[in-house]
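To start, the structure itself, in structure tokens.
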Amino acid sequence: MKSLLFASATSLAVLSACSNNKTATDTAQDSVSLVTVDSAKFDTTINGKAVKLYTLTNKNNMKAVFTNLGGRIISLMVPDSAGKLTDVVVGFGSADAYQQPTDGFYGATIGRFGNRIAKGKFTIDGKEYQVNINDGVNSLHGGTNGFKTKVWDASQPNDHTLVLSYLSKDGEEGYPGNLNVKVTYSLTDDNELKMDYEATTDKKTIVNLTNHAYFNLNGEGSGTILDHTLQIYADEYTPVDSGLIPTGIEKVAGTPFDFTKPTTIGERINADNQQLKYGKGYDHNYVLNGTKAMGMNHAATVTGDKSGIVMDVYTEEPGLQFYSGNFMNGSNTFKNGVKDDYRTAFCLETQHFPDSPNHKDFPSTELKPGDTYKTTSIYKFSTK
């Protein structure tokens, strides 16, 4: 195994402003104007563990930058329709910034349980468990100190693979069982960011892992994502109550949630619809309809209206959470100096359904001793 390839300040090129006569939005589209991420701003120690940056590359000059703080993807450089590199993942410029934001999920590996659990309660074999509450009366994305706050053990066997591992001890955030987790991020020569998740436990527990990257296919800081075109391969979704907890499964036909054909994100986002009011936009789980590609569920296709970049999402998971950046409010500053303004990024999180432990008709998220949780998801990039 090669030694860890820690990213240097000269090797991490991401888009940003560098010309006095350009706006930040203009320069986010200008791949000639590059600024480096200072690796020293991530080179620190948190809770006795070293935090570092890691860079993955492929033969097409794509570049993915990660930190083991929260298992986060910070930057993803992708060629646009003109062949110019565009940073399609929004993120921050220091380890400290990732501990301060109002939304701490940017780019993070999420666990133990992605999405919400109603009132933080679930039952396994007749025993009720109470996990930490961090979203109103509910638990969200693993609780207050979920995987996004952890410094993962990291190894980089080659220039296109990063392996992250973490032991979540029995009782952490209220979850049962010692859970050994491994996530392998790979950047392939087919312009795929591949995510392989594995977990084992010594006590029956629940697991639902995902990545919470925020995307803007026109580039970080380039403005609204409402003109991106989105297609989701799902005929049903899980409507929610006012706390964003699923109430069942319903058809998308005839509703603003119908993305079975390519539709701009903003076309119906302000419709007079109670579900959109609850989510303040789209913040809902889609029930994938089994459309297959590459031996997996073809979950979604998104196209940047300015860049021509196309992102296809493939997964072995049954669901996909579509979030339209409704709670972004300019409280945080991205690595290129632009604020995280309202709806300037979106998320497509592959997953089992929210609150699955409390819905017998949803696919199970239970993991038993002796079994291995194993699932793969892919973000694949091309141009139109």
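Residue pairs satisfying the side chain to side chain donor-acceptor pair (under 3.5 Å) criterion with at least one member in residues 133-142, sequence neighbours excluded, are listed as follows: R116-D135, H141-H212. Applying the ring-ring contact (aromatic ring centres under 6.0 Å, His included) definition to pairs two or more places apart or across chains, those involving residues 299-321 are H298-Y314. Sorted by first and then second residue, the salt bridge (Lys or Arg N to Asp or Glu O under 4.0 Å) pairs involving residues 230-259 (not counting sequence neighbours) are E236-K251. Annotation: ring-ring contact (aromatic ring centres under 6.0 Å, His included) contacts involving residues 238-277, sequence neighbours excluded, comprise Y237-F257, F257-Y282, F257-H284, F259-Y282, F259-F322.
When the side chain to side chain donor-acceptor pair (under 3.5 Å) test is applied to N332, the partners found at least two apart in sequence or on another chain are T102, D340. Taking K41 as the reference, nothing meets the salt bridge (Lys or Arg N to Asp or Glu O under 4.0 Å) condition, with sequence neighbours excluded. The side-chain contact (heavy atoms from CB on, under 4.5 Å) search around S356 returns F113, H352, F353, F362, T365, not counting sequence neighbours. Applying the salt bridge (Lys or Arg N to Asp or Glu O under 4.0 Å) rule to K277 yields the partners D272; only residues at least two apart in sequence or on another chain are considered. Taking T303 as the reference, nothing meets the side chain to side chain donor-acceptor pair (under 3.5 Å) condition, with sequence neighbours excluded. Residues satisfying the salt bridge (Lys or Arg N to Asp or Glu O under 4.0 Å) criterion with D371, sequence neighbours excluded, are absent altogether.
Ring pair Y54/F66: centre-to-centre distance not below 6.0 Å.
Residue I245 shares its hydrophobic cluster (ILVMFWY side chains chained together at separations under 4.5 Å) with no other residue. Side-chain heavy-atom separations under 4.5 angstrom define the hydrophobic clusters, and the remaining members of the one that includes L244 are V240, Y278.
For the pair F346/V302, a side-chain contact is recorded, criterion being any heavy-atom separation below 4.5 Å from C-beta on. Counting only heavy atoms from C-beta outward, the side chains of M77 and N61 never approach each other to under 4.5 Å.
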